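For reference, the structure discussed in these notes is given below.
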Amino acid sequence: MAVKWTGGHSSSILCLNASKDGLVASGAEGGDLVAWGEDGTPLGHVRLEGANDVTSVLFSHSCPTTLYASHGEIISVLDVRSLKGLVDHFHVNEEEINCLSLNEPESLLASADDSGAIKILDLEKKKVTRSLKRHSNICSAVAFRPQRPQSLVSCGLDMQVMFLQRTRVISEQDLLTKSSDAVESSKSPSRLDYEFTRG
């Protein structure tokens, strides 16, 4: 049965993420970020610096109270037990960030942005170790592959899905071509149709 959670946001919600302990974080327009208990009770609320839309929220798996949030070109690190004070923040992207992903050891954080770039941030050294510009349009999503801490999958509005190993593209799929092929295939008559029309 669906349950409606209320009392958190007054503007459109843009992203959600849940921790392994049942906490939920939601990001909205205007820098609005809310942490929720598993019963839907708002636990904390903050308006992030700059009031840019919160486009991605991501809980740490190893430390479920640590939350990463992207707003504009900035990544903020927060403790959901006290949202008012930032643990850390990084300004690594040049355009609005759309997606965040942590690798399994949680040593690297990837951020995909509107320029088509993916920045790889070393969380221990607190600096960008790799900058990948493979998409010709907005990079809308990025994810580290399970059990492969140096491998990523990304996709963008250029209709490209890319499998990346460190800085190298190891495989690429053009979804525009694939969907065109599928449409053409559905339009072309089957052998049965051909035989039926020949009588």
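In this text the structure is predicted, and so the values were computed from the model without any measurement.
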Pair Ser60, Glu106 - check side chain to side chain donor-acceptor pair (under 3.5 Å), show working. CA-CA 8 Å; Ser60 162; Glu106 298 199 8; 2.6 Å; yes

Between Ser19 and Asp21, is a side chain to side chain donor-acceptor pair (under 3.5 Å) present by the stated rule, with each step listed? CA-CA 5 Å; Ser19 77; Asp21 291 348; 5.3 Å; no

Evaluate the criterion side chain to side chain contact (heavy atoms under 4.5 Å, CB included) for residue pair Leu175 and Val161; output intermediate values, then yes/no. CA-CA 7 Å; Leu175 298 181; Val161 176; 3.7 Å; yes

Side chain to side chain donor-acceptor pair (under 3.5 Å), that's the test. Do Asn52 and Glu96 meet it? Break it down for me. CA-CA 9 Å; Asn52 289 309; Glu96 185 175 58; over 6 Å; no

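Taking the charged nitrogens against the carboxylate oxygens, Asp88 and Lys126 do have a contact shorter than 4.0 Å, which makes a salt bridge.
Looking at Ser70, its side chain does come within 3.5 Å of a backbone N or O of Ser56 through a donor-acceptor pair. Within the 3.5 Å criterion, the main-chain N or O of Phe144 finds a donor-acceptor partner in the side chain of Ser101. Proximity of a side-chain donor or acceptor of Asp79 to a complementary backbone N or O of Leu83 within less than 3.5 Å is not detected. Of the possible polar contacts, none joining the Lys133 side chain to the Ala117 backbone as a donor-acceptor pair under 3.5 Å is found.
No side-chain donor from either of Ser111 and Lys119 sits under 3.5 Å from a side-chain acceptor of the other. Between the side chains of Thr55 and His71, no donor N or O sits under 3.5 Å from an acceptor N or O. If you check the side chains of Asp158 and Asn137, you find no donor sitting under 3.5 Å from an acceptor. Looking at Asp114 and Asn98, their side chains do bring a donor and an acceptor atom within 3.5 Å of each other.
The environment of Gln165 atom CD is dense: over 12 non-hydrogen atoms of other residues, nucleotides or ligands sit within 6.0 angstrom. Within a 6.0 Å radius of CZ in Arg166, no more than 12 heavy atoms belonging to other residues, nucleotides or ligands are found. By the neighbour-count criterion of 12 heavy atoms within 6.0 Å, atom CD of Glu94 is sparsely surrounded, having that number or fewer from other residues, nucleotides or ligands. Residue-environment remark: NE2 (His89) stays at or below the threshold of 12 foreign heavy atoms within 6.0 Å.
Atom-to-atom distance recorded for Ser115:OG and Ile118:CD1 is 9.5 Å, nearest 0.5 angstrom. The CD atom of Glu73 sits 7.5 Å away from the CD1 atom of Ile97 when rounded to the nearest 0.5 Å. A distance of 8.0 Å separates CG of Asn93 from OG of Ser131, quoted to the nearest 0.5 Å. If you take CG on Leu48 and CD1 on Ile74, they are separated by 9.0 Å, rounding to the nearest 0.5 Å. Rounding to the nearest 0.5 Å places SG of Cys155 at 8.5 Å from CG of Leu157. Rounding to the nearest 0.5 Å gives a distance of 11.5 Å between CG of Asp113 and OG of Ser140.
Leu102 and Val142 sit in two unconnected hydrophobic clusters of ILVMFWY residues. Membership requires side-chain heavy atoms under 4.5 Å apart, directly or through other members. In the hydrophobic clustering of this structure, Val153 groups with Leu176; members are Ile, Leu, Val, Met, Phe, Trp, Tyr whose side-chain heavy atoms approach within less than 4.5 Å, directly or through other members. Transitive grouping of hydrophobic side chains (ILVMFWY, heavy atoms separated by less than 4.5 Å) brings Leu123 and Val77 into a common cluster. There is a path of hydrophobic side-chain contacts, each under 4.5 Å, that joins Leu33 to Leu86. Linking ILVMFWY side-chain heavy atoms closer than 4.5 Å, directly or via other members, places Leu14 and Val54 in two distinct hydrophobic clusters.
Side-chain contact between Val34 and Leu43: absent, with no pair of heavy atoms (C-beta onward) separated by less than 4.5 Å. Residues Gln160 and Gln173 are not in side-chain contact: their nearest non-hydrogen atoms beyond the backbone lie 4.5 Å or more apart. Side-chain contact check for Met162 versus Leu152: every heavy-atom pair is 4.5 Å or farther apart. The shortest side-chain heavy-atom distance between Val92 and Ile75 falls under the 4.5 Å cut-off. The closest side-chain heavy-atom distance from Ser154 to Arg134 is not below 4.5 Å. Using a 4.5 Å cut-off on side-chain heavy atoms (C-beta onward), Val57 and Leu100 make no contact. Within the 4.5 Å cutoff, side-chain heavy atoms of Cys63 are placed close to those of Thr65. Using a 4.5 Å cut-off on side-chain heavy atoms (C-beta onward), Val24 and Glu38 make no contact.
Taking Ser26 as the reference, His9, Trp36 meet the side chain to side chain donor-acceptor pair (under 3.5 Å) condition, with sequence neighbours excluded.
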